[in-house]
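Here is the structure we will look at, set down as structure tokens.
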Amino acid sequence: MSLRRDVRHGLRIGRAEFVRSLRGYASETRRIVGLLLLLLFFGGSLLFSLPVVYVAGRSAQSVTEIPFFDLAATGVPVALAVLATFRTLERIGRVEHESLVLTTVHPRAVVIGLIAAEIGRVALWFGLPFAVVAATFTAGLGAPSLLVTAALVVVPLACCTTVWGYAAGIAVLRAFERLPGVRRILKVVGFVATVAFVLVSQSVGRSLADGSLPVEWLAATLAVGPLGDYLALAFVGTPLARPFSAVAVATFAAIVALTPVGLVVATRQASALWFTDRATGGDRGSSAAADAEANGSPGGFSVPRPLSATKGGRVAWGLLVRGVRHPQKFTHLVMLAFFLGPLGTTIVQSSADGLGPLLAASGAGLGTYLAGATFGLNPLGDDRPQFPLLLLTATAPRALVRGRVLAGVVLGVPVAAALPLLTVALGTSPLSAVGFALVGVFMCVAAAAFAVGIGAAYPIYEEREFWGAKTVVPSTLVLMAFMFVVGPGTVIGLVATWFGVTGHVSATPLLAVGLGLYLLVTVGVSYGSYRYAIRRYRTYTFD
């Protein structure tokens with residue numbers, strides 16, 4: 001096929017993929033509500049920042065007066081390339097109905113279509129806010145041509161970074177196909193790297209805010225001069241224009257030239273990925289099954305004795321094994337890193353006397369979060385593929401829900417109990433350590449029971465692709481609701497425990513009433529959520 005025909009077909013595929021994305025955003029009421037909440041949160045922040053942007057446009061006399069311009073010029077393309085890479089791993093590494101599409105058009109057309117659709121989505125999510133900020137800055141500067149020149153500079157950069165990000169993502173997926181033995185390790189490393197990046201970025205932001213990290217040194221170290229010179233071309237024809245430089249022109253030429261080269265690389269990578277036969281693993285699976293039977297574990301699924309006594313325990317063990325084999329199910333736990341960053345900085349900066357109790361309380365809180373967030377936030381969505389089988393078995397819905405609660409408790413309790421007890425070595429009194437451990441265990445059970453109820457009330461059934469494998473993750477709204485309910489409740493319980501074990505409070509009727517009310521609400525809400533989840537399982541109907 002000719003390049004012109006592939007481009008024409010690719011643009012049609014890209015338009016169809018982009019329109020399908022828009023329809024997916026508005027396909028259900030819960031997604032519309034989620035988008036409105038997202039718009040309210042980020043749109044409000046953007047609205048309050050516009051006066052500052054307008055004043056900056058009024059007062060700016062040169063590009064050097066724009067705060068961290070060279071650093072931002074470096075960070076924007078890097079962020080776009082990383083975003084494209086992760087989006088390729090999660091969503092667009094493969095095209096749906098590839099058996100039909102790849103026998104109809106050339107793979108190059110499919111690659112062009114997927115990349116074009118992704119550029120459209122990037123323009124929708126990030127381009128519109130950027131356009132609003134640019135328009136506000138232009139109004140303050142009084143140079144309308146800035147909108148045109150900025151688009152002429154940013155669009156080629158966005159296309160180049162998206163193309164090469166897609167090629168990098170396809171290369172990672174090919175590595176996963178070639179190295180199935182280390183695929184799980186790479187996923188764990190990627191997850192840990194993402195969490196570490198969030199923690200480090202929050203620590204750097206806090207250091208910049210308190211002045212302990214010099215901003216000038218950071219900008220001089222990380223900024224790439226050619227990218228700053230290139231993005232400065234956006235101010236041509238305005239009072240902020242820099243003199244033309246050979247570096248800026250060379251960078252522009254390199255970006256324009258690298259885009260088709262990246263497209264060729266991405267097409268070859270994608271063709272090799274899509275047209276490579278995947279191993280079925282029949283011989284390897286038979287060998288593993290034979291080894292499992294020889295070891296007295298049929299199918300490799302041997303339930304430990306404490307859990308094998310009840311059906312709920314066996315369900316819990318099945319969930320734990322499936323979680324280990326399919327770690328993408330825990331992708332939503334990355335959000336915890338945004339809360340661990342400030343907490344980690346506080347722990348590091350705490351005094352020696354307060355380090356032990358703070359770590360003990362943090363361990364109890366972390367175990368509580370894991371107990372609820374791991375298996376309880378989308379029970380119906382997780383079980384829907386197996387529902388026809390589950391509903392035909394003799395296992396009662398109570399055992400299925402109890403198994404999810406127990407699976408979360410099995411993960412959360414060791415963290416909530418062990419970490420406080422280990423802080424005795426850091427000087428925490430045994431009474432405080434035991435108190436935090438007991439409260440942590442109680443919170444784990446309450447959080448796991450509450451999670452299955454709120455997760456059953458708002459299930460998610462649509463599969464999403466993470467790191468080359470499809471999985472179902474809980475709704476962000478459910479996760480945020482869980483954190484906003486369990487988080488303050490856990491903090492109240494831990495603070496009350498600290499006051500109790502340190503003797504800062506005395507037993508009074510008012511304290512007894514407050515503690516009783518707290519326990520009544522915690523137990524009542526958790527048990528009510530647990531019963532609601534059971535009822536949802538019993539009354540579930542297929543569409």
Side-chain angles (χ1 to χ4, degrees), residues 1-27 35 76-131 134 147-148 150-174 252-275 464-466 468:
M1 286 189 175
S2 65
L3 176 61
R4 181 180 301 177
R5 184 178 301 176
D6 289 342
V7 171
R8 185 171 66 253
H9 291 166
L11 293 179
R12 289 179 179 176
I13 294 174
R15 183 180 61 183
E17 290 291 322
F18 181 71
V19 171
R20 191 172 66 170
S21 299
L22 295 180
R23 291 175 178 174
Y25 297 150
S27 60
L35 289 175
V76 168
V78 172
L80 289 176
V82 172
L83 176 65
T85 302
F86 276 94
R87 286 281 301 173
T88 303
L89 295 175
E90 294 180 2
R91 290 289 187 89
I92 60 174
R94 299 185 183 275
V95 62
E96 293 191 15
H97 308 293
E98 59 182 9
S99 300
L100 172 63
V101 175
L102 294 177
T103 55
T104 306
V105 296
H106 194 274
R108 181 170 53 191
V110 179
V111 171
I112 293 174
L114 293 176
I115 294 177
E118 186 62 20
I119 292 175
R121 286 187 284 263
V122 169
L124 176 65
W125 287 104
F126 301 100
L128 289 181
F130 172 78
L147 293 178
V148 178
L152 293 177
V153 169
V154 172
V155 170
L157 183 62
C159 293
C160 182
T161 53
T162 303
V163 168
W164 280 101
Y166 182 84
I170 294 294
V172 174
L173 291 178
R174 288 193 65 197
F252 174 74
I255 290 174
V256 173
L258 285 175
T259 301
V261 174
L263 183 61
V264 173
V265 174
T267 301
R268 292 182 178 179
Q269 293 278 355
S271 299
L273 176 67
W274 294 338
F275 291 103
R464 296 179 58 186
E465 190 168 353
F466 292 94

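Predicted model only: the values in this text are computed from it and were never measured.
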* Please check if the side chain of Trp164 supplies one atom and the backbone of Leu258 the other of a donor-acceptor pair under 3.5 Å. => yes
* What do you reckon, is CZ of Arg8 surrounded by more than 12 foreign heavy atoms closer than 6.0 Å? -> yes
* To do: Please say which of Val261, Thr259, Thr267, Val265 ends up in a side-chain contact (heavy atoms from CB on, under 4.5 Å) with Leu263.
  => Thr267
* Asked: Where the side chain of Thr103 meets the backbone of Leu100, is there a donor-acceptor pair that is under 3.5 Å apart?
  -> yes
* Verify, without hydrogens or angle tests, whether Thr161 (side chain) and Pro77 (backbone) share a donor-acceptor contact under 3.5 angstrom. => no
* To do: Decide side-chain contact (heavy atoms from CB on, under 4.5 Å) for Trp274 and Val111; before the verdict, give the C-alpha distance in whole Å, the side-chain angles of both, and the deciding distance to 0.1 Å.
  => CA-CA 11 Å; Trp274 294 338; Val111 171; 3.9 Å; yes
* To do: Compare every heavy atom of Ala116 with every heavy atom of Gly14, then report the nearest pair and how far apart it is.
  => CA-CB, 4.4 Å
* Structure fact -> When every non-hydrogen atom of Ile255 is compared with those of Pro156, the smallest separation belongs to CG2-O, 3.6 Å
* **Non-hydrogen atoms of Asp6 and Ile112 that approach each other most closely** => O-CD1, 4.2 Å
* **Interatomic spacing from CZ in Arg108 to OG in Ser2 - rounded to 0.5 Å** => 8.0 Å
* Asked: Any sub-3.5 Å donor-acceptor pair from Ser271's side-chain atoms to Arg268's backbone N or O?
  -> no
* Which atom of Gly93 lies closest to which atom of Tyr166, heavy atoms considered -> O-OH, 4.3 Å
* Can you tell if the side chain of Leu80 reaches within under 4.5 Å of the side chain of Thr162, non-hydrogen atoms only? -> no
* Asked: Step by step, would you call Leu11 with Arg15 a side-chain contact (heavy atoms from CB on, under 4.5 Å)?
  -> CA-CA 6 Å; Leu11 293 179; Arg15 183 180 61 183; over 6 Å; no
* To do: Kindly give the heavy-atom pair with the smallest separation between Cys159 and Ile119, and that separation in Å.
  => SG-CD1, 3.9 Å
* To do: For Val105 and Arg5, run side-chain contact (heavy atoms from CB on, under 4.5 Å): C-alpha distance rounded to whole Å, both residues' side-chain angles, the deciding distance at 0.1 Å, then the answer.
  => CA-CA 9 Å; Val105 296; Arg5 184 178 301 176; over 6 Å; no
* To do: Show the numbers, then the answer: is there a side-chain contact (heavy atoms from CB on, under 4.5 Å) between Phe252 and Val153?
  => CA-CA 8 Å; Phe252 174 74; Val153 169; over 6 Å; no
* Pairwise distance CD1(Ile13) to CD1(Ile115) - rounded to 0.5 angstrom -> 12.0 Å
* Arg121 and Glu17: which non-hydrogen atoms are nearest, and at how many Å? -> NH1-O, 3.8 Å
